[in-house]
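What follows is a set of notes on a single structure, which appears directly below.
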Amino acid sequence: MKGKAKGMVSKNSGSSGAAPSPFEGTKVWMDGRFVDYKDASVSVNSHSLHYGLGAFEGIRCYETKKGVPAIFRLDEHIDRLFSSCHILQIPIPYEKKDIKDAIIQTVKINKFKECYIRPIVFIGDGGGLGIFLKNYDTRVAVTAWYWGAYLGEEALKNGIRAKVSSYARFHVNTFMGMSKSTGQYINSILAKKEAVNGGYDEAIMLDTSGLVCEASGENIFVYSGGFIKTPPLSSVLPGITRNSVIEIMEKEMGLKVKEERITRDQLYIADEVFLTGTAAEVTPVREIDDRKIGAGKAGKVALELQSLFFDIVKGKNGASKYKKWLTYAD
Ligand SMILES: Cc1ncc(COP(=O)(O)O)c(C=O)c1O
């Protein structure tokens with residue numbers, strides 16, 4: 001498998017486009033052992049495939065100044081994965097430390113310098129296909145690959161155009177937002193597709209009462225009148241990037257962050273709007289529903305935050321006080 005997949009080396013050395021898939025040639029940790037990506041397959045009658053019961057995480061590992069890759073906020077991602085399974089009542093046949101070790105080993109065995117890591121807990125076919133599961137055939141996998149800027153480099157630099165979706169986020173008694181569960185991403189997929197088909201980059205989702213929640217795969221922040229606002233956790237995924245940027249803005253940028261309900265028109269008249277997420281990192285929003293946000297370009301606050309965030313995740317420039325957030329895979 002040596003040198004096969006571009007994900008196995010840094011983004012700089014593998015962008016020739018020779019590899020047909022970013023996954024090909026990688027090793028996957030599956031149910032306690034490493035297998036080749038091509039052998040990491042599941043049954044067509046996996047319960048999760050039919051009904052969408054499962055939980056996952058998206059974690060980034062960055063190339064650092066030290067020359068050793070660092071996984072960003074690994075413990076918090078593992079905690080959220082276990083919380084998701086607890087909410088969904090999926091028994092996990094592993095301890096947190098087993099999954100932590102599996103993730104670190106996945107980065108190492110694949111010789112990644114940087115990558116995106118996807119641990120997933122799902123149900124196999126061992127308990128049958130009834131909706132009521134008596135026996136949970138829980139399966140766990142950790143896969144990883146190189147994934148560059150989720151919305152593109154241009155989006156990070158110049159901001160994106162977003163659309164308020166016609167699809168509402170779930171009522172709290174429909175799906176439980178504190179869990180990052182697989183099936184509920186159908187809602188995000190529909191919203192994202194609608195936005196992209198309409199010529200936008202991303203979808204902003206409102207809740208069933210019409211208040212702003214988050215984007216299809218990111219939390220949302222508004223900068224207005226000198227304050228930062230973000231919707232409270234009752235309606236959104238408890239983003240680990242959200243939590244990180246709140247700390248960075250308060251401690252490094254002297255900004256006060258208020259967690260409060262936001263209306264759609266408050267977005268339109270904001271000085272800045274930006275999105276945060278493991279995949280999207282810190283992405284400025286320059287336009288929503290064909291209305292310019294602020295000056296209609298990436299805002300100063302978002303760009304300063306983005307730069308601080310990248311320094312921290314890459315262990316650069318004064319990032320030492322945030323070293324608690326980095327797990328080096330050496
Ligand atoms: C719906 C949704 N909201 C927010 C986020 C951001 O969460 P995090 O920063 O933990 O990646 C994500 C990404 O996982 C998401 O899918």
Side-chain angles (χ1 to χ4, degrees), residues 29 55-66 68-87 92 94-108 112-121 140 142-150 156 177-181 214-215 217-221 230 233 236-253 257 259 274-283 305-330:
W29 185 94
F56 69 100
E57 279 300 312
I59 308 174
R60 275 201 191 264
C61 173
Y62 290 92
E63 186 168 7
T64 63
K65 200 177 145 205
K66 272 194 189 181
V68 180
I71 304 167
F72 186 61
R73 304 205 68 176
L74 178 56
D75 289 320
E76 290 81 356
H77 279 287
I78 291 172
D79 286 346
R80 189 171 65 184
L81 182 67
F82 276 70
S83 295
S84 297
C85 291
H86 179 70
I87 291 168
I92 310 187
Y94 298 97
E95 301 293 327
K96 286 184 181 177
K97 64 174 171 33
D98 302 324
I99 304 299
K100 180 171 179 172
D101 193 48
I103 290 171
I104 296 170
Q105 292 310 321
T106 301
V107 174
K108 288 172 74 171
F112 284 121
K113 287 187 182 155
E114 58 183 356
C115 60
Y116 178 90
I117 308 159
R118 176 58 66 86
I120 180 161
V121 180
V140 185
V142 180
T143 172
W145 64 95
Y146 171 69
W147 201 357
Y150 176 65
L156 289 175
M178 296 298 280
S179 84
K180 190 169 166 67
S181 36
E214 56 189 341
E218 301 90 14
N219 291 113
I220 190 164
F221 286 84
T230 192
L233 286 183
V236 301
L237 185 80
I240 288 163
T241 321
R242 175 188 185 277
N243 174 279
S244 310
V245 300
I246 289 176
E247 189 167 333
I248 298 168
M249 285 189 285
E250 294 201 324
K251 292 201 175 141
E252 310 303 324
M253 297 169 69
V257 181
E259 294 183 57
F274 54 91
L275 306 179
T276 68
T278 298
E281 297 160 314
V282 179
T283 298
L305 174 65
Q306 188 191 78
S307 153
L308 288 166
F309 178 79
F310 281 136
D311 279 353
I312 289 167
V313 299
K314 293 174 184 174
K316 285 191 198 159
N317 304 333
S320 57
K321 59 179 146 158
Y322 294 96
K323 62 174 189 273
K324 59 182 179 187
W325 288 350
L326 305 186
T327 300
Y328 286 96
D330 54 358

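Rounding to the nearest 0.5 angstrom, the gap separating the CE atom in M249 from the OG atom in S244 is 10.5 Å. Atom OG1 of T278 sits about 10.5 Å away from atom CH2 of W147, to the nearest 0.5 Å. Atom CD1 of residue I59 and atom CZ of residue R73 lie 12.5 Å apart, to the nearest 0.5 angstrom. Atom CD of E281 sits about 4.0 Å away from atom CZ of F310, to the nearest 0.5 Å. The distance from atom NZ of K314 to atom NZ of K65, rounded to the nearest 0.5 Å, is 13.5 Å. Atom NZ of K108 and atom CG of D101 lie 8.5 Å apart (nearest 0.5 Å).
Using a 4.5 Å heavy-atom threshold, the side chains of I78 and I103 count as touching. You'll find the side chain of T283 stays beyond 4.5 Å of the side chain of Y150, heavy atoms only. F309 places a side-chain heavy atom less than 4.5 Å from the side chain of T241. Contact of the W29 side chain with the Q105 side chain is not registered, since no non-hydrogen atoms from C-beta on lie closer than 4.5 Å. In this structure, T230 and V236 have side chains that are not in contact, with every pair of non-hydrogen atoms separated by 4.5 Å or more.
Within 6.0 Å of the CD atom in E95, the count of heavy atoms belonging to other residues, nucleotides or ligands does not exceed 12. Counting heavy atoms of neighbouring residues, nucleotides and ligands inside a 6.0 Å radius, atom NZ of K96 exceeds 12 of them.
Exactly one of W145, F56, Y146 qualifies for a ring pair (Phe, Tyr, Trp, His ring centres under 6.0 Å) with Y116. That residue is W145.
Taking every heavy atom of both residues into account, V107 and C115 meet most closely at CG2-SG, 4.1 Å. Residue F221 comes nearest to T276 through the heavy atom pair CE1-OG1, 3.5 Å, listed as atom of the first residue, atom of the second, then distance. Nearest heavy atom pair, residue E57 against residue I240, reads OE1-CD1, 4.3 Å. When all heavy atoms are compared, the tightest approach of L308 to E252 is CD1-CB, 4.0 Å. The nearest pair of heavy atoms linking M178 to L233 is SD-O, 4.0 Å. Taking each heavy atom of E214 and E218 in turn, the nearest pair found is CB-O, 3.2 Å.
N219 contributes a side-chain N or O that, together with a main-chain N or O of L237, makes up a donor-acceptor pair within less than 3.5 Å.
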May I have the step-by-step check of side chain to side chain contact (heavy atoms under 4.5 Å, CB included) for I99 and V121, ending in yes or no? CA-CA 11 Å; I99 304 299; V121 180; over 6 Å; no
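Checked for salt-bridge contact, R242 and E259 meet the test: a charged N lies under 4.0 Å from a carboxylate O. A salt bridge links E247 with K324; the closest basic N to acidic carboxylate O contact falls under 4.0 Å.
Ring orientation note: the planes of W325 and Y322 are tilted relative to one another, at an angle of 30° to 60°.
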